Structure formats: C-alpha cells, structure tokens
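None of the values given here were measured: they were computed from a predicted structure. Naming convention: chains lettered A, B, ... in sequence-line order (proteins, then strands); numbering from 1 in each chain.
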There are 4 protein chains.
Amino acid sequence: MPPDPSRRSERSRRAILTAATELMHEVGYRRLTIEAIAARAGVGKQTIYRWWPSKGAVVLDGFLASVNATPDDLSLPDTGDVAADLRGVVRAIVAELADPKLSGTTRGLMIEMQEDAEFAGMVLDRLLGPQLRAIADRLRAAQRAGQLRADLDLSVAVELLVGPLYHRWLLRTAPLTEDYADTVTDLALRALVP
Amino acid sequence: MPPDPSRRSERSRRAILTAATELMHEVGYRRLTIEAIAARAGVGKQTIYRWWPSKGAVVLDGFLASVNATPDDLSLPDTGDVAADLRGVVRAIVAELADPKLSGTTRGLMIEMQEDAEFAGMVLDRLLGPQLRAIADRLRAAQRAGQLRADLDLSVAVELLVGPLYHRWLLRTAPLTEDYADTVTDLALRALVP
Amino acid sequence: MPPDPSRRSERSRRAILTAATELMHEVGYRRLTIEAIAARAGVGKQTIYRWWPSKGAVVLDGFLASVNATPDDLSLPDTGDVAADLRGVVRAIVAELADPKLSGTTRGLMIEMQEDAEFAGMVLDRLLGPQLRAIADRLRAAQRAGQLRADLDLSVAVELLVGPLYHRWLLRTAPLTEDYADTVTDLALRALVP
Amino acid sequence: MPPDPSRRSERSRRAILTAATELMHEVGYRRLTIEAIAARAGVGKQTIYRWWPSKGAVVLDGFLASVNATPDDLSLPDTGDVAADLRGVVRAIVAELADPKLSGTTRGLMIEMQEDAEFAGMVLDRLLGPQLRAIADRLRAAQRAGQLRADLDLSVAVELLVGPLYHRWLLRTAPLTEDYADTVTDLALRALVP
DNA sequence: GACTAAGCGAGACGGTACGTCTTGTCTTAAT
DNA sequence: ATTAAGACAAGACGTACCGTCTCGCTTAGTC
C-alpha cells in the first residue's frame, strides 16, 4: 500500500534534500549513501525509502529544488538574432558542465540514467527535457522566420548543437571552454541555415 | 612492490576476462561483482586485485579481448565519396549502440568513466580514442582532397558527427535507428563542406 | 496523564485480545508483534500502547480471557484422599504443559517473566499464584486432618510437587507424561506424610 | 558451504566471547545485540554470524569459557554423608541463582531455550546436563550404599531436589536463601531414603 | 636435486552499506 | 477524549561485497 502524501512531513523532506545536496558536494555521488543522508538529515532511513525509489531520485529532487530555488524562465531570449541567442545557451551549457560543483551532480544523474532506464525517464521529464525543448522552441521560431531550413527535424537540430558538448564532457576528451562553445555553435549553425 | 608480469598465469587471465564478460551480459554492470567474477573464473580474488585496479578495468579488458578476437582494421574505407564513407561509420556506431548486448558493456564503461577520470583516460586511449581518430583521419583525407572546408577543426568535426548519437543514446531521448544515422550524417556534413 | 478507562472501547479491547491470542498460536511469542496485533484487530497501535505496558501483558490478558471464558473453580476437589487429589492436579498441570497449544503461550509468559520482574509479578498475581495457592489450600486441609506432617512449610511443599514438572518442561530434559506425573506425586508425597 | 574451522581466528573468537560476556553484564540479555558485540570486539558482524547461529549461542559459549577458565571438577564430593553432600550442591546452586551477575546470563539462556528447542539441547548438553548428571552420580553411589531407596528413578530424584529451586527462581515467587536450600534438601531427602 | 620466491586458489577477516523490520511516539481526521 | 490510521526517528537485523590478509600448494628459476 503506497504511503499517503498528504501526511508527509515537509520538515523531513526538506532536511533530506538539503543533506543529500550537501553530501553530494562533499563526497561525490559514488560515496554518497542513504545511510549518511538519513544521519545528516536527522531522519530515519525508512522515511527516505518510503518516498524515494533510489539514491538517484533523492539527488535529482535535491538538485531540482536547489535550481528552482531561483526559478529562472527556461525559455530562451529571442533577440531576432538566432546565432547570438544560440551562442548564449551553448555557452551557458558549457559553463554549467565545466563548473565542478554542478558537474558532479550531473555526472551522478548520468550514471544513474545508464543503470536505470526508468530513472532516465524521470531525469528527462523533469530536468533535461525542458532544457532541450526550450532550445527547440527557439529554433522553431527562427525556422518560421525563415532563418533556418524549413525541412529541419528540430530534435536532431538540438542534438547537433548540444551533442558535441555532452560528448566532450562525458568522454572527457578535452576541456570545455567558451571558445569551444562558440566553435560548436558556428559549425552547427552552418548545417541549419538554408 | 609490483607483481612480476612474466610469472602471470595466462590461464587465469583468460578465465577472468571470460567470466567478467559473461557475467556482464547476465547481470549487468551494476550487479557485476569482483567476488562473482573470481568464483566463476575459479580464481582467488587476490589474483584479480593484483592485476586490475577496478571492476571497470576488468570489464574493459574483457571487452577489448572479445572485440580484438576479430581484429578488424580500424581505419575507415576511403572510396573517395566522403558522404558514403561517413554514412557507413555512423550507421555502424548506431548499430553498436542499439545492440543491447554490446550496449550494456559500453554503458558500464561510461558509468565508470564518470566516476573515475583516470579510468576515463584508459578507455579513451584504448577503445574510444582510436575509433574517433579513425574518423578524423578519413575527414582529414577529404579535407586535403578539398571536399571539406579547409579551416575545420577536425576533432570538433568528429564530435559534430558522433556527439548527437551519444547524446541520444546516453540520455535515452529516442531510439537509435539507421534512418536517424543518415539524418545526422547528412546534417553534419552540410556544416563540413566548403 | 493516564487515560480514562470509562471511555475505553470494549470492542477494541476484545479485538486486540482475540488477535493476540490467534497470532500467538500462529507465529509464536517471539515473532508476535504489536504491529501485527493492531493490524489483525483493525486497531491503531496507540490503542494497544495506551492500555497495555508490553506485548507480554497483552498476551497474558488474552490468555486469561480465553481461560476464564470457562471459569472453573480453581479450588481443588477434596475427596479426603490427599494422594488421589494431588495426583489429579499434577496430572492436569502435566497435561497443560504438554499441550503444544497452551504450552506456547505459557513459554511466552515465562520468557517475559525472565526479562521483566514487574511483569513476573503480574503473571504470578493473576495466573500462577492462584493455581499454586489452590494446591497449598488442599495441602493445608490435609495437614489439619493429620495426613501430612505438621511442621511442613506449605509453599515449599507445593514447590516440591510442581517444581520437578516445570524443571523438566523448561529445561526440556525429557517429555512430560502421565506416568511421570504419578511418579513425581508419589515421590513428593513420601516427603510430606508424617 | 560451511566455513573451515582450521582457519578460524582465535583472536577474534576470544574477543567476541569477551565482548559478549561484558555486554551481557552491562545491558542484559534482551538489549544485548550482535551489532554491539561486533563493535566492542572490533570484529565484522559476519565473523559472528559465520561461527554462531544465534545471539544465545554466543552468550552460551562466553559463559562456558568464563566458567571453564576455572575448570573445577564437576563431580560432587563423596564424604559418605549423602545429606551433607547434597546440602552442599543445593546451597551452591541456590547461591549461583541468587548471584545477580551469573543469574542474568542464566536467565538469558533460559529465555533462548524457551524460544529455540535446538538451542535448548545445546545448553543441556554443554551446561546443565553435566551438572545434573553429577548430582545423579552422587545419588547413585548413595543408592548402592543402601542410603537411598533401591527403586528410585534417579533423574526424577534429581528433579525433586533442584526443581523447587528453579521453580522459585524462574517464577520469582520468593527469594532464594541458604535456609531455603537446606529446607528443600531435607524435605526432598525424606522422599529418597528407604 | 634441493632451495627459494614468486603467483596461485581459497576463503577468513574488519568494515561499510544495504534494504527491511519493529519499536514506541506523534499527528491527523472522524466519531 | 478516544479511536483508526499511519508517518516518524531510531536502530538492529542478517546479507552482500569490498579490499586485505593469511594459508598451503604449485611452479619456476637459482644454487
């Protein structure tokens, strides 16, 4: 029988997410344990197991909570200049992946996504999907304005833009810099314009 | 003091790699344990710890051994038609990533790479690097033949080609098909030609 | 502040005792849990904790309720023949201890008595004490009739009679049979007669 | 597959028994945990689970070790005076049961015996059986010397002697004193002599 | 041909974390 | 105010692996 969410302790929920996020930064994803989260949060282990299916889910919730604490609008700015606008997002993504603080958590989520397809769906729905969709939206606008090819598959177009970034970051083939962001943007754009 | 490789038991080495590969397919990377590999291989745990630094390293060696059992030349064919040749590699990569058997192992290696930068270097040197370099080599030939832009950063060009594939595979945003391979190839090529 | 017994739910009380007795027989004392009793009785755990100090207390109450459902007079028959009368009680005690159904509960109470002296007092007052006193009363009558030695300490006399039974039952040195009951009675009586 | 006793660590074995015995006295049987024993002994929990089937078994071994550290001859003295000799043992048993230090452990063993018949067999074989047999041996000698009735069932005779002691101790009906020991001995003997 | 010095299979060891279970308290809504 | 329901903090359970260690047993070279 599933637990009753209306009786859930908000206090405990918050303590758990805070503890998880802190410990994530202190020891990293692999050495992060449910046991330690519970201890730090002053919470019984069962309270974690009752509400989250896995370590990854707790970390995801904690990450979303810390991100949404400053809930910026996800939709990209539309200055009319596609190139400039994309350059902005790509730089932002590169900055995020290069930031050792955020990057650790994201790597943890990536790990869990490889091991658990269901969890991958969750991350996609709640974290990565919206980001990718925002880029697709901006591309769609440009496409309608005739700035991009009309026969473009937008989801592939997005991948052409961010795929290289993640490839470099995940395979650790080379460091991620702002220059690199611009190089990728320029190159990808060339494929997208009419 | 490091062990003496000349006295190493070839028999044990092989049994370990075989056991690791089999178990990898049977239970997946996460639930693969050194204990189980040793038991299956009929080998003391110490023998594994003596020669490999981590579970990932054993799996990597096992994977390389199974791949190199049929040691195909890594360098791409050069028919003169860049587009056709690239289409071939991209399709091959997509097929590999879509194959549930190979894919499981590769996901395991990706996990370990996220957790251990040193291991990432090993995988890059011995597995992924050569593959990427082979593509870069083919691109270089095309570039020299004037089929690709002269000012291209080839490593970025490679990423533009394979980044989208890995992005889709790792984030599990959509299934990998042959059609998709061709779409990506065509799109990327547009950015690479003069 | 203690709860108000006048507002107590008779319905719940009975359901708890019934559930406890049933579960006692089904899973035994050690694996009997407050949790399970509450669930079976359709009762909140707090309702049990409010009215009973321990698991043992619930079991004791349940046992007393089931025994007193058929409230036989505890006092022994007095046919004038001490030997015959004692033979009867001793046989009855042996039968009770040998009965696997009753015996499980009694073992449970014995366990709790070892762990909790206060609880031991409760069991003695409400269950074992009256039984022992009934025997002592019959012995007193016999003593007054000159059938037993005048200088006898009756409580020790009772122990001489039933001590061996419990000893055998608790230490599990040998099975309890009717023959054994008679042997003990005869032997003990020899010490009690003038 | 059972573990190989020849590779057992004597150091750990001793540390575990010592820790168990100490903790037994400090917190009592019920609150004694395997976890605490392992921690105090500086030992992995598995090392305990590997060699002992239950908490009770560890306590029993610890108790036997502490007793056998001073391995007194179990056989009773035979001065020729049965009454005096029995008085000695009975007093000794009473003293042991009245001693709060020893008594706690023995109560713990009694508890486990009620819950686990197999364990009861172990305790009987290794601890209580020999003690009872020693008394039976002394009675047999007296019987042969014509000091006791020839038709006596010795195991029942032993129970007549010690049953009352355990009865009083387990049921906590009254304190165990030396006077009481003598009263019981005298009374029981009356049933045993010709 | 004995001696020495690895590597080897085996598996016990001290640890850590797992996910589950139960305890006794606390909170909420309904009666 | 008691109740049914059940979330909660706490912490022990018994299991699974970790990486280290200690055994005898092979298996090479070296004297």
Distance check needed: E/dA10 P versus B/E35 CD, whole Å only. 13 Å

Just by protein heavy atoms under 4.0 Å, how would nucleotides 23-31 of chain F read 5' to 3' in B, S and -? ----B----

Note: for A/A36 and D/S9 on DNA chain E, the residue whose nearest nucleotide lies more 5' is D/S9

D/T18 side chain vs D/R14 backbone, donor-acceptor pair below 3.5 Å: yes

Specify the separation, in whole Å, of atom CZ of A/R31 and atom C1' of E/dG15. 16 Å

Find out whether the Lys NZ or Arg CZ of D/R8 is both under 6.0 angstrom from the six-membered ring centre of D/W52 and within 45° of the ring's axis. yes

Figure out the CD1/P separation between B/I48 and F/dT20, and round it to whole Å. 13 Å

Can you find a donor-acceptor pair, distance only, under 3.5 Å between D/K45 side chain and E/dG15 base? no

Atom-pair distance (NZ on A/K55; C1' on E/dG19), nearest Å: 14 Å

Interatomic distance where CH2 belongs to A/W52 and P belongs to F/dA7 [whole Å]: 14 Å

Please state how far atom OH in C/Y49 lies from atom C1' in F/dC8, giving the value in whole angstrom units. 13 Å

Audit row: C/R172, D/F119, side-chain contact (heavy atoms from CB on, under 4.5 Å) steps and yes/no: CA-CA 11 Å; C/R172 301 175 187 262; D/F119 178 72; over 6 Å; no

Grab the CZ-P distance between D/R30 and F/dA12 for me, whole Å please. 15 Å

So which nucleotide from E/dA12, F/dA9, F/dG19 ends up closest to the side chain of A/S12? F/dA9

Just the rounded figure in Å: distance from C1' of E/dT23 to CD1 of C/I37. 13 Å

Taking for each residue the nucleotide of DNA chain E bearing the nearest heavy atom, is the 5' side occupied by B/A41 or by D/A41? B/A41

Candidate nucleotides E/dC8, F/dG14, E/dG14, ranked by approach to the side chain of B/W51 - the nearest: E/dC8

Look at all strands and tell whether C/R8 reaches a base, only sugar-phosphate, or nothing, counting heavy atoms closer than 4.0 Å. sugar-phosphate

Among D/V58, D/L127, D/T21, find the one that has a side-chain contact (heavy atoms from CB on, under 4.5 Å) with D/F63. D/L127

Checking B/E26 against B/R40 for the salt bridge (Lys or Arg N to Asp or Glu O under 4.0 Å) test, could you report, in this order, the C-alpha distance in whole Å, the side-chain angles of both residues, the deciding distance, and whether it holds? CA-CA 12 Å; B/E26 290 171 23; B/R40 168 82 60 108; 2.8 Å; yes

